[in-house]
Protein chains: 2
Amino acid sequence: MKSSDPKDLKLLMIEKSDDLKTHQWVYQLLRNNLLCGRIEPGKPLTIRGLAEILQVSPMPVREALHRLACESAVEVKNNRRVIVPSMTAEKFNELSELRILLETHAAEGALPYIKQQDIAILEQIDAKIDAAVEHHDVDNISLYNQAFHRQLYCANPFQVAVPLIESLWLQLGPFSRIAISKLEKAYLVDRHVEALEALRERNLFGLRRAIEADIRDGIASINTVDGIHDHFQGVA
Amino acid sequence: MKSSDPKDLKLLMIEKSDDLKTHQWVYQLLRNNLLCGRIEPGKPLTIRGLAEILQVSPMPVREALHRLACESAVEVKNNRRVIVPSMTAEKFNELSELRILLETHAAEGALPYIKQQDIAILEQIDAKIDAAVEHHDVDNISLYNQAFHRQLYCANPFQVAVPLIESLWLQLGPFSRIAISKLEKAYLVDRHVEALEALRERNLFGLRRAIEADIRDGIASINTVDGIHDHFQGVA
DNA sequence: GTCGATAGAATATGATCACATTTTTAAGAC
DNA sequence: GTCTTAAAAATGTGATCATATTCTATCGAC
């Protein structure tokens, strides 16, 4: 039983548009797969293995993996082996606390710049989330949810926190899948509508509360999942 | 007048120890030079130019630059030109606010894990800072100051915020030099001793206050520097 | 049967090369 | 003298190859 074979990966493919460099395409593909949790913690990733799967030369894969490593999305061991880091309860709590800290701050900073058009876009994304929930499309729930948050924070043209937040998402990625796949109904008690309402009313405190509640809901979901602790601290 | 020549760089060199890979050495070298502000904003960096200066092949330089780019330390323009991003007042404020947010949080998380030995190490680093101030060694003031903060936060074994904090340092790097070089005396009203005292007393609030004050002092220094605004928004 | 050593395979790293895009420089037209 | 255009140099990207290190598996000793 070789669970460590770098080859047996069921990756969610995306099409390579021509204006994307190869290494950017590889990066985004791996990133998406990490974000929606399709690559499990502990899974070893090799440059040549991925290159063969994706039918590209090893060079762009090398760059993509290095970039993911510096975002803490993957971990480069001393053996120069690249793996998806395993999660611990303490690390999960730390990452979640940082999400709240940074995202409430980012939301606050974005509020003054929110225009009617931004709200419309956010409503569209929220609709897509609902549709994805309807179809039990776990991958897209995760991706659209992040798109919602990113769209909100990036309304601030002087935004610098988003790259940091995205790093947190990447590290939490493998677990968002578990949380979402379990508690779709509960997640439908949607904090996004609260956030949208706060945006329309220019209600700063309400916005912060909605964002924090949205994140805490996700944490709470995780903790109510039976046997979730089997997923902590190394599947090996 | 070609201020844009990628070749005329006075880099602070560091020795390449044998256990370091070439690309790691290049990365740390460029990182140090950015952190203490030896590479000014707007300066274009080229792979081949740096490779020639450092006497290495272009490959490790390519990797180092890409890593710095994903940490927002350098910016890759659409023209695929790599430059040190120019600072704006709004960006500076945002980065500073994020520093306070993340570093007070990181200090709080580290406090329970602080041992007598950690305090001793911190005192040693603080002494080195004082010595660097004494000798007007601007480079080392900056580097040791960051070493102090990093040593403190990393006492928490479940620390995950440090990579994010280091990204902020990298982005603020070109300005720390200006601030420190102007107001050395004021900076000697050292908040680090306050922090050390709070650590010994296990005083959580005092520690947070010391860290925040330390960061705000740096911001205040910047704002009192005459003509500092000439350094904002592009030297070009 | 279990542990350890050696040979082979696999891997990341770094160097060199080819190519497409961009920037710079130079020449020419008005 | 200034703007346009074309040639040339420079640059990033991706491919291929050589090499050192690490992992794996087979074989042998106890």
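Chain identifiers are assigned alphabetically (A, B, ...) following the order of the sequence lines, protein sequences preceding nucleic acid strands; residue numbering begins at 1 within each chain. Values below: all heavy atoms of this structure, side chains included; hydrogens, waters and symmetry mates excluded.
Ring geometry, A:His192 versus A:His149: the interplanar angle exceeds 60°, so the pair is classed perpendicular (tilted spans 30 to 60°).
Put simply, the side chain of A:Arg48 and the base of C:dA10 share no donor and acceptor less than 3.5 Å apart. Not a single donor-acceptor contact under 3.5 angstrom links the side-chain atoms of B:Arg62 to the base of C:dG14.
We find that NZ of A:Lys77 is positioned 17 Å from C1' of C:dT11, with the value rounded to whole Å. Put simply, CD1 on A:Ile47 is 16 Å from P on C:dA10, counting in whole angstrom units. A:Leu45 has its CG atom 14 Å from the C1' atom of C:dA12, to the nearest Å. We find that CE of B:Met59 is positioned 12 Å from C1' of C:dA12, with the value rounded to whole Å. In this entry the distance linking CD1 of A:Ile83 with P of D:dC23 reads 12 Å, nearest Å. The distance between atom CD of B:Glu63 and atom P of D:dG14, rounded to the nearest whole Å, is 13 Å. In this entry the distance linking CG of B:Leu20 with P of C:dT13 reads 13 Å, nearest Å. Rounded to a whole Å, the CD atom of B:Glu52 is 13 Å from the P atom of D:dG12.
Each of B:Val76 and B:Lys21 was assigned the nucleotide of DNA chain D with the nearest heavy atom; the assignment lying further toward the 5' end belongs to B:Val76. With the nearest nucleotide of DNA chain C identified for both B:Pro60 and A:Val82, A:Val82 has the one nearer the 5' end.
Here B:Ser57 does not reach the OP1 or OP2 of C:dG14: none of its side-chain N or O atoms lies under 4.0 Å away. Taking 4.0 angstrom as the limit, B:His66 places none of its side-chain polar atoms (N or O) nearer than this to OP1 or OP2 of D:dG12.
With B:Trp169 as the partner, the side-chain hydrogen bond (donor to acceptor under 3.5 Å, both in side chains) test is satisfied by one option alone out of B:Gln146, B:Glu71, B:Glu103: B:Glu103.
Note that CG of B:Leu170 is 10.5 Å distant from CG of B:Leu30, once rounded to the nearest 0.5 Å.
Heavy-atom contacts from other residues, nucleotides or ligands closer than 6.0 Å to NZ of A:Lys128 number 12 or fewer.
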For the pair A:His66 and A:Glu63, evaluate side chain to side chain contact (heavy atoms under 4.5 Å, CB included) and give the outcome as yes or no after the intermediate values. CA-CA 5 Å; A:His66 283 157; A:Glu63 297 194 9; 5.8 Å; no

